[in-house]
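Per chain, numbering begins at 1; letters A, B, ... match sequence-line order. Heavy atoms only: backbone and side chains are in, while hydrogens, waters and symmetry mates are out.
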Number of protein chains: 2
Amino acid sequence: MATPQLTVDCVVFGLDEADQLKVLLIQRKLEPFAGAWALPGGFVHLDESLDVAARRELQEETGVETHFLEQLYTFGTVDRDPRGRVVTVAYYALVNLRDHTVQAATDARDARWFAVSHLPPLAFDHGAIAQYGLQRLRAKIRYEPIGFELLPPKFTLSQLQRLYEVILGAEIDKRNFRKRILKMDLLQPLDEKQTGVAHRAAQLYRFQPERYRQLQRSGFSFEV
Amino acid sequence: MATPQLTVDCVVFGLDEADQLKVLLIQRKLEPFAGAWALPGGFVHLDESLDVAARRELQEETGVETHFLEQLYTFGTVDRDPRGRVVTVAYYALVNLRDHTVQAATDARDARWFAVSHLPPLAFDHGAIAQYGLQRLRAKIRYEPIGFELLPPKFTLSQLQRLYEVILGAEIDKRNFRKRILKMDLLQPLDEKQTGVAHRAAQLYRFQPERYRQLQRSGFSFEV
DNA sequence: TCAAAAGTGTTGACGGTACACCCATGT
DNA sequence: ACATGGGTGTACCGTCAACACTTTTGA
């Protein structure tokens with residue numbers, strides 16, 4: 001029996017040096033939509049699971065590897081691909097952009113980071129998929145500690161706060177934010193401070209995933 | 001290029017007369033898993049979107065039509081179907097079971113309601129899918145007014161409270177529950193009372209979806 | 001010495017939780 | 001008259017939001 005073809009697509013988010021939220025796009029070489037920007041993705045092979053396919057396509061098309069990859073939604077309207085019936089399982093990923101900037105910028109495959117607020121027109125229904133991913137990110141960052149995936153392993157509380165402010169689009173009170181976050185006991189203060197800044201150096205912290213899982217089991221729920 | 005075949009499956013929830021949470025299953029006629037219980041579902045046609053396919057399969061296999069149908073997750077491990085590579089887009093649905101009891105029970109296709117706490121062994125990975133659906137229902141019922149989909153159009157506050165107690169698995173204080181729910185201004189008290197009960201007749205209410213959408217736009221968020 | 005961000009406590013308002021008794025109805 | 005669930009108000013406590021000044025560092 002004939003059923004639709006199946007692809008995966010990835011909405012990859014990163015924070016740039018200026019704390020701006022970015023999405024990773026590739027420029028299509030082939031028709032349809034040759035020359036247009038699109039989400040990285042492609043057909044699912046018969047011998048790989050969906051998330052393996054998503055990671056493979058992301059690696060092949062952009063060189064990016066990510067720790068955090070989660071299924072977003074499956075898009076399956078009849079006319080979303082002019083080549084015929086293609087259903088796509090969309091994923092979203094969070095990466096520490098500093099690790100990837102150079103690779104993506106110099107990449108022969110022409111992958112680039114775009115500010116979420118200034119995405120170019122996208123191929124297929126990828127514009128809608130990206131918006132959906134952003135919506136999910138905004139919702140999920142409030143009740144799961146996934147923001148840390150966008151930061152380097154060692155970060156300051158101000159970096160974390162700016163991350164929340166950018167993604168949620170709202171200012172947050174510094175003292176209250178610090179109290180809330182530190183009270184959760186999820187961050188480990190390191191024996192290091194920020195260096196090379198023209199002001200008082202900030203304490204560096206590390207997120208403790210093990211601690212989070214432990215707290216989760218005892219009924220704790222993350223809330224920002 | 002060969003890609004996986006695509007099916008849809010539905011986890012349909014209903015509340016029975018004794019306020020027990022039930023799931024609708026069908027008994028398979030064909031191999032693989034002939035004779036085993038399974039979620040209603042089947043292959044996606046080339047000319048129908050995913051949610052249309054889900055509704056069609058549900059209707060064909062059980063006679064049930066539902067107002068509330070939402071995508072759950074797409075399951076795509078390589079070995080989940082012995083026939084070959086099959087990816088399934090799972091949906092969950094909520095129905096007012098009283099409307100469907102007779103149909104399903106007398107249905108030639110052998111569809112039956114099972115208590116969520118006593119599901120038989122299911123075909124494929126349908127057991128895991130059903131559990132995932134239950135988890136989603138438990139989470140979502142707290143922050144979106146979807147519980148009403150499980151009740152008749154006219155219901156009492158006690159019915160609603162029992163619904164929450166059964167699904168969340170916790171007792172709720174009657175006075176606080178009523179205050180919270182009524183304060184939201186989502187329920188319309190009707191000019192009718194419960195009849196035929198051996199105690200004081202309860203006020204009947206109707207959920208106002210229009211009102212909810214209106215409140216949503218002004219930033220209101222449902223919380224129970 | 002100046003600029004720029006780090007760091008730190010208290011108070012008041014509000015919302016949530018705990019809790020017990022009388023009422024209406026059918027048998 | 002009795003059994004069964006329907007319906008109602010208050011007081012306390014804890015949590016969250018608002019808010020401003022001192023400290024450290026490099027230029």
**Request:** May I ask you to decide if A:A128's main-chain N or O and A:D125's side chain share a donor-acceptor pair within less than 3.5 Å?
**Result:**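 No: the side chain of A:D125 does not pair with the backbone of A:A128.
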**Item:** Output field: ring centroids B:F207/B:F155 closer than 6.0 Å
**Value:**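 So the answer is no for these two rings.
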**Item:** Centroid-centroid distance, B:Y73 to B:F75, less than 6.0 Å
**Value:**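 They qualify: ring centres under 6.0 Å apart.
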**Contacting residues from residues 176-191 of chain A, given that a heavy atom lies under 4.0 angstrom of DNA chain D** =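 Per residue number, the list reads A:N176, A:K179, A:R180.
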**Item:** Neighbours of DNA chain D within residues 139-175 of chain A, by heavy-atom distance under 4.0 Å
**Value:**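 Contacting residues: A:D173, A:R175.
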**Asked** Do B:Q214 and B:E210 meet the criterion of a side-chain donor-acceptor pair at a distance under 3.5 Å?
**Response**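 No donor-acceptor contact under 3.5 Å links the two side chains.
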**Prompt:** Between A:R162 and A:Q159, do the side chains contain an N or O donor and an N or O acceptor separated by less than 3.5 Å?
**Reply:**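 Distance-only check fails for A:R162 and A:Q159.
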**Prompt:** Looking at B:R142 and B:E223, does any basic side-chain N land under 4.0 Å from a carboxylate oxygen?
**Reply:**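 The answer is no: the pair does not qualify as a salt bridge.
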**Prompt:** Quick one: side chain to side chain donor-acceptor pair (under 3.5 Å) partners of A:H118, sequence neighbours excluded?
**Reply:**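 None.
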**Request:** Determine the minimum heavy-atom distance between B:I129 and B:L72, stating which atoms define it.
**Result:**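 Distance-wise, the nearest heavy atoms are O-CD2, 4.0 Å.
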**Value in whole Å for how far the C1' atom of D:dC16 lies from CD of A:E223** =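 To the nearest whole Å, that distance equals 13 Å.
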**Item:** Atom-to-atom span, NE2 of B:H199 to C1' of D:dT4 - whole angstrom
**Value:**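 So the NE2-C1' distance, B:H199 to D:dT4, works out to 6 Å.
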**Message:** Considering every strand and a 4.0 Å limit on heavy-atom distances, what is the contact class for B:Q194: base, sugar-phosphate, or nothing?
**Reply:**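 Nothing, no heavy atom under 4.0 Å.
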